[in-house]
Enquirer: 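Pasting a structure below so you can have a look.
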Protein chains: 2
Amino acid sequence: MSESPLRAPSRLTIADVARAAGVSRTTVSHALNDRGQVDPRTRERVKQIAQELGYRPNLRAQRLRTGKANSIALVSSMPFSVAGGPSRLGFMMEVAGSAMEAALRQGLALVLVPPLDAAEALLDELDIDGAVVIEPAAHDRNVTQLQRRGVKVVSIGRQPEGDQALPYIDLQGYETGRILLQHLEEQGALRTALLIGTQPRHSYVDMEQAYRDFVGARDMPVIIARAEEAGGESAGREACRALLESHPGIDAICAPVDAFAVGVVKEVQARGLRVPEDIRVVTRYDGLRARSCQPPLTAVNLHLDEISALAIDLLFEHINGRTQRTVVTGPKPGLVIRASSVSPRGN
Amino acid sequence: MSESPLRAPSRLTIADVARAAGVSRTTVSHALNDRGQVDPRTRERVKQIAQELGYRPNLRAQRLRTGKANSIALVSSMPFSVAGGPSRLGFMMEVAGSAMEAALRQGLALVLVPPLDAAEALLDELDIDGAVVIEPAAHDRNVTQLQRRGVKVVSIGRQPEGDQALPYIDLQGYETGRILLQHLEEQGALRTALLIGTQPRHSYVDMEQAYRDFVGARDMPVIIARAEEAGGESAGREACRALLESHPGIDAICAPVDAFAVGVVKEVQARGLRVPEDIRVVTRYDGLRARSCQPPLTAVNLHLDEISALAIDLLFEHINGRTQRTVVTGPKPGLVIRASSVSPRGN
DNA sequence: AGGCATGCATAAATCGATTTTGGTTGCATT
DNA sequence: AATGCAACCAAAATCGATTTATGCATGCCT
C-alpha cells in the first residue's frame, strides 16, 4: 500500500541513494547487487533506503556498463505471403504467445521481428543479446547477419546445411511426415502425392525423406511437387492443378505448408472433385488456416507452446555461455484428425 | 555486395572512426547525425569512412545519453484464462502481428508483455518509452504503473473512467453491438439475451448501451447476464445455463467474449437444443475460437490490422510530444456471418 | 613495536555515445 | 590595423550505472 511518493519519472539515481544513506555510490551499487565487501548492516540499510525512496536503477546505464540487453528477438524467416493472409503469421504468433511468457520468466524481454525484407537494415538497430529464428532456410540472411553481430541464435526446427551448426529445437519432421502418411493410408489412400516448398528448409527435407521411405516400402509411385512459398495459396493451387493433370490417379495430397494445402483444396473442389472422398488432404501446421478451411484440414499438433519454451531456455543457456547443448527434442507430434481426410461415413 | 570485413562483434567505437578520419569524436558524431557545424566535405568523408569501417553506434550508449529506448511494449490486460486456451491470446497476437510491422517502420522495437500477474514487477524492468494496452479495464494496474514511470500509453479500445483520459483507438463498440443485434433480428430472433463480462471494460459498456437501445426500441425484454472473464468457457456455460432456466423463451444470445460464446454453444447443445435453429449465438472477436467452434460463430471483423497500425502511429506521435490527438477512429466493423446464427435453409 | 592480513568504504576509471562550451581560423567591415 | 562574425573543429562534461584500484583502520602474530 505504501504510496510511492515519487512523481517525476524515475529521476532518482544511485547518487541520490548514496547521499540519503551517507555512503558512496560504490557502496550503494555493491550493496544492492550483493557484490563486494560491505558490512551486512550497511548493506541492509542501503537496501532499505533505496526501497523507501523507490529507487530503480537506470536500465540504459546498466546496460551500457554490463554489455547486456536483457532482451531477445523472435524472428520469422517465412516470406510474407505465406506468413500473412488470414492467419497473419499464425505460426510465428503462436510461438510468440508462449515464448513471451517463457522469456519474461527469465527476465528477458521478447521483441518481435516481422518478415519484412526491409527488416535487414533495422535488424541491427535492435539491442538484443539473442534471437530465436523460426525454421530458417539454409544460409538464411537474418541468421548470418545476427551471428556476425555476435548475437546468439537458436532455431525452432533445424537449419539445413548451416554454415556453423545452429543450436535448435528438433521439430521431428520425419515423424510428422510418417504420422500423416500413415493416417492417409489408413483412410484408404493408395496414391499419395507430396507437395512441398522450394526453399531449403529442413522440415521439407525430413518430410521428403519420410515420404520416400514410406512409398518405397509399399511400392507406391513417388509423386513429388514443389511450389514457391512466396506464391501462397495460388502457388499451391497451381501445383495441385499440375499434379492432378499429370497423375490422374492421385487420391491423397500431403501439403505441409498450410497455405498450399488450402490452395489444393480449392483447386480440387474447383475441378468438381470432393475432399476427402476423391482426394484426401492433410497439412502440417494446425493453425487458423487449417481450421477454417472448408472442409477443415487434418493436421499435426506440434506442441508449439512447449517447443517455444524449450527454445527460450536453450537460448538463455547459450547467452550465459553455460551449455554445449545443441539439439533439444520436444514432445512427439500428434495427429489432429479433421474432415479433410476422413470420409463422413465409414472409411 | 561490399563484404563487411569486420569479424569482431561491433567492437568499433566512435573513437576508431575519429582516429581513422583524423578528426575528433565530436566531429564524427556531428557528421553522422547531421548536427552541428561541420564542413560538408568533412561530413561526407567521415560518413564514408564510417561506412567503410562498418561502424555502428552502440545502442546502449546512445540510449543512455539521449534518454530514448526506441522500443514500445504491447500489453494485454485480459486474464489468462480468457486470453489463453485454444486461441492462446488470439486477440493480442493478432494485434501484435500487424503492430510489429508498424512499429518497425517507425524504427521502434515491439516487445510483448504477457498477462502474467507476476508481470507487475517485471513491467518496470522494461526499457520502453511507450506502450499499447489492449482494452484496459478501469483503473488497470498496468496502465497506472506505466504512466507513473513516465511511459506514454495509448489503448486499443477506450479505457472506462480513466483517471486521466488515455489516448485511444476507438473500437466502435456501440456500432459493433448494433450490427450483431440487427443481424440476429434479421435471422428471426425475438428474445435476445446479452452475456457480458463483469470487469469494467468499455466494450461492455458500449455493448450494453447498444443492447438496451435496441430492445428498448422494440419492446423486447431486457435480459442481461454477466460472467467472470477469469472463468473462461465454463463461466460462459454456467451463465448460459442460468439464462435458459430463468428465461426459457430466449432464442438468441449475444456473447461478445469469445470464450463465453463457445461455452454458450456447448451448454445449449448439451441441453439438446440446436444452434442456430433454437438458439442463435453471436460473438465479437473473430478469432480461432469463433472459427473452430461447432458450428462456427458469427462474429465481427474489427479490422485489427488497421487498428493496430493506428495505435502505433498514435503512440509514436505522443512519444514525440507532437500531438494532442486523443481519439482515433478506425474502420467500421463488419459482420462475418457463420453458421451459429443462420439456419441452413431459409431463415 | 614492527609487519601483515583483513574488513570496510571510497575515489576514480570505465562503458560509448551526445551535448556544451570554448578556441582557432579566415574573411569582411570599419 | 583593429574589430566582428561566422564557420569549423575539439576538449571536456554528461548520462548513470559497474568495476578496479586504493586508502584506512583494526586486529593478530611474532
Side-chain angles (χ1 to χ4, degrees), chain A residues 6 8-47 49-50 53-70 107 124-129 149-150, chain B residues 6 8-47 49-50 53-70 107 124-129 149-150:
Chain A
L6 100 133
S10 186
R11 280 255 104 95
L12 250 46
T13 81
I14 201 172
D16 298 313
V17 180
R19 200 172 317 117
V23 297
S24 74
R25 299 205 303 274
T26 311
T27 302
V28 174
S29 176
H30 281 161
L32 295 181
N33 297 318
D34 288 324
R35 232 174 280 267
Q37 307 279 60
V38 181
D39 187 308
R41 295 189 305 271
T42 310
R43 195 183 290 276
E44 205 42 53
R45 194 166 54 86
V46 169
K47 282 184 176 174
I49 290 179
L53 257 44
Y55 166 77
R56 300 237 128 241
N58 178 311
L59 291 157
R60 312 200 244 262
Q62 234 168 9
R63 285 174 190 179
L64 171 58
R65 187 59 238 230
T66 62
K68 310 205 59 170
N70 287 114
D124 44 31
E125 300 284 78
L126 286 179
D127 187 21
I128 51 178
D129 27 35
R149 261 181 65 193
Chain B
L6 100 135
S10 187
R11 280 256 105 94
L12 252 46
T13 79
I14 201 172
D16 299 311
V17 180
R19 199 172 318 117
V23 297
S24 75
R25 300 207 301 276
T26 313
T27 302
V28 174
S29 174
H30 281 161
L32 295 181
N33 298 317
D34 288 324
R35 230 174 281 267
Q37 308 279 57
V38 182
D39 186 310
R41 294 189 307 271
T42 310
R43 198 183 288 275
E44 206 42 54
R45 194 167 55 85
V46 169
K47 281 184 176 177
I49 291 180
L53 257 43
Y55 166 77
R56 300 237 127 243
N58 179 309
L59 291 156
R60 312 199 243 262
Q62 234 168 9
R63 286 175 188 180
L64 171 58
R65 187 60 241 225
T66 62
K68 307 205 62 170
N70 288 114
D124 45 31
E125 301 283 79
L126 287 178
D127 188 20
I128 52 178
D129 27 35
R149 262 182 64 195

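This one's a predicted model, so the numbers in the text were calculated from it and none came from an experiment. Order of the sequence lines fixes the chain letters, A, B, ..., with proteins taken first and strands second; residue numbering starts at 1 for each chain.
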Enquirer: Reckon Q62(B) has a side-chain N or O less than 4.0 Å from the OP1 or OP2 of dG16(C)?
Expert: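 Negative; the distance criterion is not met.
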Enquirer: Please report, rounded to the nearest Å, how far the P atom of dT22(D) is from the CD atom of Q37(A).
Expert: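 Value for this atom pair: 17 Å.
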Enquirer: Just to verify, what does R25(A) make a salt bridge (Lys or Arg N to Asp or Glu O under 4.0 Å) with, not counting sequence neighbours?
Expert: none
Enquirer: How close do T42(A) and V23(A) get, counting heavy atoms only, and between which atoms?
Expert: CG2-CG1, 4.3 Å
Enquirer: Has R63(B) got a side-chain atom pairing as donor or acceptor with A69(B)'s backbone, closer than 3.5 angstrom?
Expert: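 Pair found, side chain donor or acceptor close to backbone of A69(B).
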Enquirer: With R45(B), which residues qualify under salt bridge (Lys or Arg N to Asp or Glu O under 4.0 Å), at least two apart?
Expert: none
Enquirer: Measure the distance from CG on N33(B) to C1' on dG16(C) and round it to the nearest whole Å.
Expert: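 For the pair N33(B) CG and dG16(C) C1', the rounded distance is 13 Å.
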Enquirer: Are any of N58(A)'s side-chain N or O atoms less than 4.0 Å away from OP1 or OP2 of dC15(D)?
Expert: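 Negative; the distance criterion is not met.
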Enquirer: Could you work out which one of dC15(D), dA17(D), dA9(C) sits closest to the side chain of D39(A)?
Expert: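 The nucleotide sitting nearest to the side chain is dA9(C).
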Enquirer: Check each residue of residues 17-27 of chain B for a non-hydrogen atom within less than 4.0 Å of any atom in DNA chain C, then write out the ones that pass by number, or none.
Expert: T26(B)
Enquirer: Side chain of R65(A), heavy atoms from C-beta onward: which of dA17(C), dA17(D), dC8(C) has the nearest atom to it?
Expert: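 Comparing dA17(C), dA17(D), dC8(C) against the side chain of R65(A), the answer is dA17(D).
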Enquirer: Please report, rounded to the nearest Å, how far the C1' atom of dT14(D) is from the CG atom of L64(A).
Expert: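 Rounded to whole Å, this separation is 12 Å.
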Enquirer: dT19(C), OP1 or OP2 - any side-chain N/O from R35(B) closer than 4.0 Å?
Expert: yes
Enquirer: Can you check whether T66(B) has a side-chain N or O nearer than 4.0 Å to OP1 or OP2 of dA17(C)?
Expert: no
Enquirer: Looking at dA17(D), I'd like to know if its phosphate oxygens (OP1 or OP2) sit under 4.0 Å from a side-chain N or O belonging to Y55(A).
Expert: yes
Enquirer: Can you measure R41(B) atom CZ to dA7(D) atom C1' for me and round it to whole angstrom units?
Expert: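 After rounding, the reported distance stands at 12 Å.
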Enquirer: How is R60(B) classified with respect to the nucleic acid when contacts are heavy atoms under 4.0 Å: base, sugar-phosphate, or nothing?
Expert: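 The residue R60(B) makes no contact with any strand.
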Enquirer: Does OP1 or OP2 of dA9(C) have a side-chain N or O of T42(A) closer than 4.0 Å?
Expert: yes
